[in-house]
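Here is the structure we will look at.
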Amino acid sequence: MRLLTVASPLVLATLLGTAACTDSSSATGTSAAGGTGGSGGGGGGGPTCTAFEASSWKPGETIFRDATKDWGIDGVLAVRVTVLDVDRDGWPDLLVRNGGGPDEFKADGKRSRWLLRNTGKHAFEDITEKSGLTAVRSAANEATGRSSEVTVAADVDGDGDVDVFMAKAVTAVADKTQETSELMLNDGKGNFSFGPEDGVIRGVGKPAVPVGATFSDVNRDGHVDVFISHNMMPNASSPLQDRLYLGDGLGGFTDGTFALGLKTQPWSDVEKLNQGLGHSWGWGATSCDLNNDNLPELLSASYGRAPNHLWQATGTPGAVTFLNRGVESGYAYDERQDWTDNVNAQCHCFDKPMDDECDKVPPPPSAQFCASLKAAFNGGYRWNHSGDREPWRLGGNSATTTCADVDNDGFMDLLTGEIVHADVGSTSDPAELVFNTRDAMVRFERPGREATGLTREHAGSYWDDGDMNNAVFDFDGDGWLDVYISSSDYPGTRGFLYHQKAPRSFEAVPIEDGIDHLRSAGAIAADLDRDGDLDLVVGHSRFRCGNPYKDDCYPTTQLRIFENLSNGRNHHVSLRLEGTYGSNRSALGARVSVSACGMTQTRQVQGGHGHQGAEEDLVAVFGLGAETEAEVTIVWPDAASTTQTFKVAADAFYDVKQGEDPKAVVLP
């Protein structure tokens, strides 16, 4: 490990003011939430005091308001959200999608995508058409445009601005005129052009059903790589192989999937499927370092109750390979494997009581119930008795996995988004937090939703949780991350906001105090107005809306912005990182720890995650409670794990270039 210690006397002298803490080699203290702060994996000794004082949200306080009209985005329709800074002016821009395409740039034309430039004046400018982001390669497609289901952003060619990867399904492989996935290169001003025509990530002539993508530097060579999770081709019996493409730093890629050990198998061998060795039924991709060895793990969340994949990085920078540890880590599925409370199985055994193990199954609610269930599923039940009792079929319908250090112990935990139906019973994994055990061989523990407080009430005997997306962010700046679970696509679903009131313990924020949003889809927290607190940008889905379903959707899929009303209740610090000296320019994979008065918070800079490419702002925002200064430690994502430590004053935005003093920035 190479250590760089940087503390700018000029920055400290001009900005620190009176500190709430004194420096000490001790790093102990009690948090406002009532717990002991964790070490954070790199802050070292740092400021300490008797308590990390913070003004936390309390029930009855309104913390968000719907500011959609104030931001002038009426008519912007969106299900999915990506945050990026296309012109590197410091203001977070939005790339939102209502679907894959097309886009008709004319009066009353049908729009599917919007690239919205943040003007810094509580307004967005639609630059989609002039940006060139949706251009087509084939003149035959001028009228229909280029669709793209997945979008993630990072500085792929190392020129200082973010480029955009737009992944597209290719199911009619023989059609040479169809558009493909594309890497769109940014000129630094928000103007995009095509990446290499012969780029392997385009997938020309190959089947593709991408539903998740994430940028990362997996081998720490300073170049951005991309991991793509794939779904299933039409009428296929097995999903496609997930893919890892290694970047060359210029916009080119090579396929490193098999060479780095990520090969899986088509669905045929049940035993191998139980071991998590089959292809994922990919619905989302995520990358983050889960054991603090400065090598990122790769995660593929699987639909269809198939096992989630966790690929643990092993080896050394430049010689990285991956181990399939989905099952061993506890990420593939949970331990709830008693399928006998699945009412579909109960109805099946009611009809065919002599089938294997049906003597263990309790009776269904009634014969009439089974008849109704059979009618709902076109003459059958949601159950295959020969296969659905296997462990690989007793997991969840997983979509978005978010990495975040929820309990401030310096290690990334996971929040999974899951679809759950009441008829399936307890084996269907719910959306929940799984906590990192801090084992070098990555493992998680599942305390359950009841233990963490991430519960909700369900009305009636039949319900659906469509928890496909989520956001983990500190909405009140008290130093503890909170949770927003975005539930969508089923009647009665909505967004659920939870406040972390004590370590690993959450309380629901009533809709009148927080977010009131039906059929909540993609959700990303970002400090849109750079006032130090995090706002929430949320999409809406109208899928399964109206007959024969309950009509509880909004008239359109209008994108909504919920403005944070913290109004300086707590101090904060914002950090924008730039990698040099062997780190990728976007600093993807950097581990940032901020310590104040004995408590250390840790974030990792990430390049997209989850279902169809959600992406957070690359600027990391930390709540500091009442503290007016903090110590920052960054482990940079280079081969040497270069570590840099410095102090900053609160309530400021800093540019941090690897190896240089942090610079306080006043945005234009």
Side-chain angles (χ1 to χ4, degrees), residues 38 40-42 83 152-154 212-220 224-229 242 244 260 262 284-301 308-314 317 320 322-326 329-332 398-417 433-444 469-473 481 483 524-525 577 579 583-584 586-593 601-611 613-618 620 634-638 641:
V83 175
V152 289
T214 179
F215 278 124
S216 183
D217 179 5
V218 300
N219 51 11
R220 295 304 192 239
V224 172
D225 313 308
V226 63
F227 177 61
I228 304 171
S229 61
D242 294 339
L244 173 64
L260 272 67
L262 283 85
T286 300
S287 58
C288 62
D289 177 9
L290 295 170
N291 57 1
N292 288 359
D293 65 354
N294 204 25
L295 294 175
E297 277 63 57
L298 302 175
L299 299 93
S300 183
N308 301 327
H309 284 187
L310 187 153
W311 296 97
Q312 180 172 337
T314 185
V320 173
F322 288 90
L323 300 175
N324 185 332
R325 288 189 43 78
S329 67
Y331 174 66
S398 307
T400 291
T401 296
T402 302
C403 293
D405 181 14
V406 173
D407 53 6
N408 284 342
D409 69 349
F411 286 76
M412 296 294 109
D413 310 302
L414 304 178
L415 175 63
T416 62
L433 281 164
V434 298
F435 290 97
N436 197 324
T437 64
R438 298 187 284 183
D439 195 320
M441 297 303 291
V442 177
R443 290 184 176 87
F444 295 94
N469 300 279
N470 55 63
V472 184
F473 66 113
L481 293 173
V483 164
I524 292 292
L577 275 57
S583 295
N584 68 88
S586 291
L588 301 182
R591 187 165 74 249
V592 187
S593 299
Q601 306 168 60
T602 303
R603 308 274 195 276
Q604 286 184 19
V605 181
Q606 298 174 43
H609 69 281
H611 187 50
E615 186 154 3
E616 300 171 346
D617 189 4
L618 293 179
I634 301 171
V635 179
W636 292 94
D638 59 12
S641 299

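Here the structure is a predicted model, which is why all the values come from computation and not from measurement. Note that the numbering runs from 1 along the sequence shown for the chain.
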For H609, which residues count as a ring-ring contact (aromatic ring centres under 6.0 Å, His included) partner, sequence neighbours excluded? none
Could you tell me which residues satisfy side-chain hydrogen bond (donor to acceptor under 3.5 Å, both in side chains) with N219, sequence neighbours excluded, listed by chain and number? none
Check whether any side-chain heavy atom of D293 lies under 4.5 Å from a side-chain heavy atom of T314, and answer yes or no. no
Between atom CE of M412 and atom CG of N291, what is the distance when rounded to the nearest 0.5 Å? 11.5 Å
What distance do F215 atom CZ and L588 atom CG have between them, rounded to the nearest 0.5 Å? 8.5 Å
Beyond-backbone contact of L262 with H309, side-chain heavy atoms, under 4.5 angstrom: no
Looking only at non-hydrogen atoms, find the nearest pair between S287 and T214 and report the distance. OG-OG1, 2.9 Å
State the CH2-CG distance between W311 and N324, to the nearest 0.5 angstrom. 4.0 Å
For S329, all residues meeting side-chain hydrogen bond (donor to acceptor under 3.5 Å, both in side chains), sequence neighbours excluded: none
Between E615 and Q606, which heavy-atom pair has the shortest distance, and what is it? OE2-O, 4.2 Å
Partner residues of S229 under the side-chain hydrogen bond (donor to acceptor under 3.5 Å, both in side chains) criterion, sequence neighbours left out: none
Roughly how far, to the nearest 0.5 Å, is CD of E297 from CZ of R325? 9.5 Å
Locate the shortest heavy-atom distance separating E616 from V472; write the atom from each residue and the value. OE2-O, 4.5 Å
Output yes when a side-chain donor or acceptor of D217 lies under 3.5 Å from a complementary backbone atom of N584, and no otherwise. no
With sequence neighbours left out, write down each residue that passes side-chain hydrogen bond (donor to acceptor under 3.5 Å, both in side chains) with D617, or none if nothing qualifies. R530
Hits for salt bridge (Lys or Arg N to Asp or Glu O under 4.0 Å) against D439, two or more places apart or cross-chain, chain-then-number order -> R443
Starting from the C-alpha separation in whole Å, work towards a yes-or-no answer on side chain to side chain contact (heavy atoms under 4.5 Å, CB included) for R220 and D638. CA-CA 5 Å; R220 295 304 192 239; D638 59 12; 6.0 Å; no
For the side chain of Q601 and the backbone of D405, is there at least one donor-acceptor N/O pair under 3.5 Å apart? no
Taking all non-hydrogen atoms of both residues, which atom of V152 and which atom of G613 are closest, and how far apart? CG1-CA, 3.9 Å
State which residues pass side chain to side chain contact (heavy atoms under 4.5 Å, CB included) with N470; sequence neighbours excluded, sorted by chain then number. T400, T402, L415
Quick one: closest heavy-atom pair of G589 and N294, and the distance? O-OD1, 4.2 Å
Which is it for F444 and L310 under the side chain to side chain contact (heavy atoms under 4.5 Å, CB included) test, yes or no, and what are the steps along the way? CA-CA 11 Å; F444 295 94; L310 187 153; 3.8 Å; yes
Run the numbers on L290 and C288 for side chain to side chain contact (heavy atoms under 4.5 Å, CB included), then give the verdict. CA-CA 6 Å; L290 295 170; C288 62; 3.5 Å; yes
Residue list, side chain to side chain contact (heavy atoms under 4.5 Å, CB included) with A590, at least two apart or on another chain: L577, A587, V605, I634, P637
From I524 CD1 over to N469 CG, what is the distance, rounded to the nearest 0.5 angstrom? 8.0 Å
I'd like to know if the side chain of N436 and the backbone of D413 have a donor-acceptor N/O pair within less than 3.5 Å. no
The side chain to side chain contact (heavy atoms under 4.5 Å, CB included) partners of A620 (sequence neighbours excluded) come to F622
L244 and F322, any side-chain heavy atoms less than 4.5 Å apart: yes
What verdict does the side chain to side chain contact (heavy atoms under 4.5 Å, CB included) test give for D409 and F435, after you've listed the backbone C-alpha separation in whole Å, the side-chain angles of each residue and the deciding distance to 0.1 Å? CA-CA 10 Å; D409 69 349; F435 290 97; over 6 Å; no
Of all residues at least two apart in sequence or in a different chain, which pass the side chain to side chain contact (heavy atoms under 4.5 Å, CB included) check with A301? N308, Y331, S398, T401
Which heavy-atom pair separates T286 from G610 by the least distance, and what is that distance? OG1-N, 3.4 Å
Does any part of the side chain of T602, heavy atoms only, come nearer than 4.5 Å to the side chain of R591, both counted from C-beta? yes
Using salt bridge (Lys or Arg N to Asp or Glu O under 4.0 Å) as the criterion, list what pairs up with D225, not counting sequence neighbours. none
Whether the side chain of Q604 engages the backbone of D289 through a donor-acceptor N/O pair (distance < 3.5 Å, no angle test) should be reported. yes
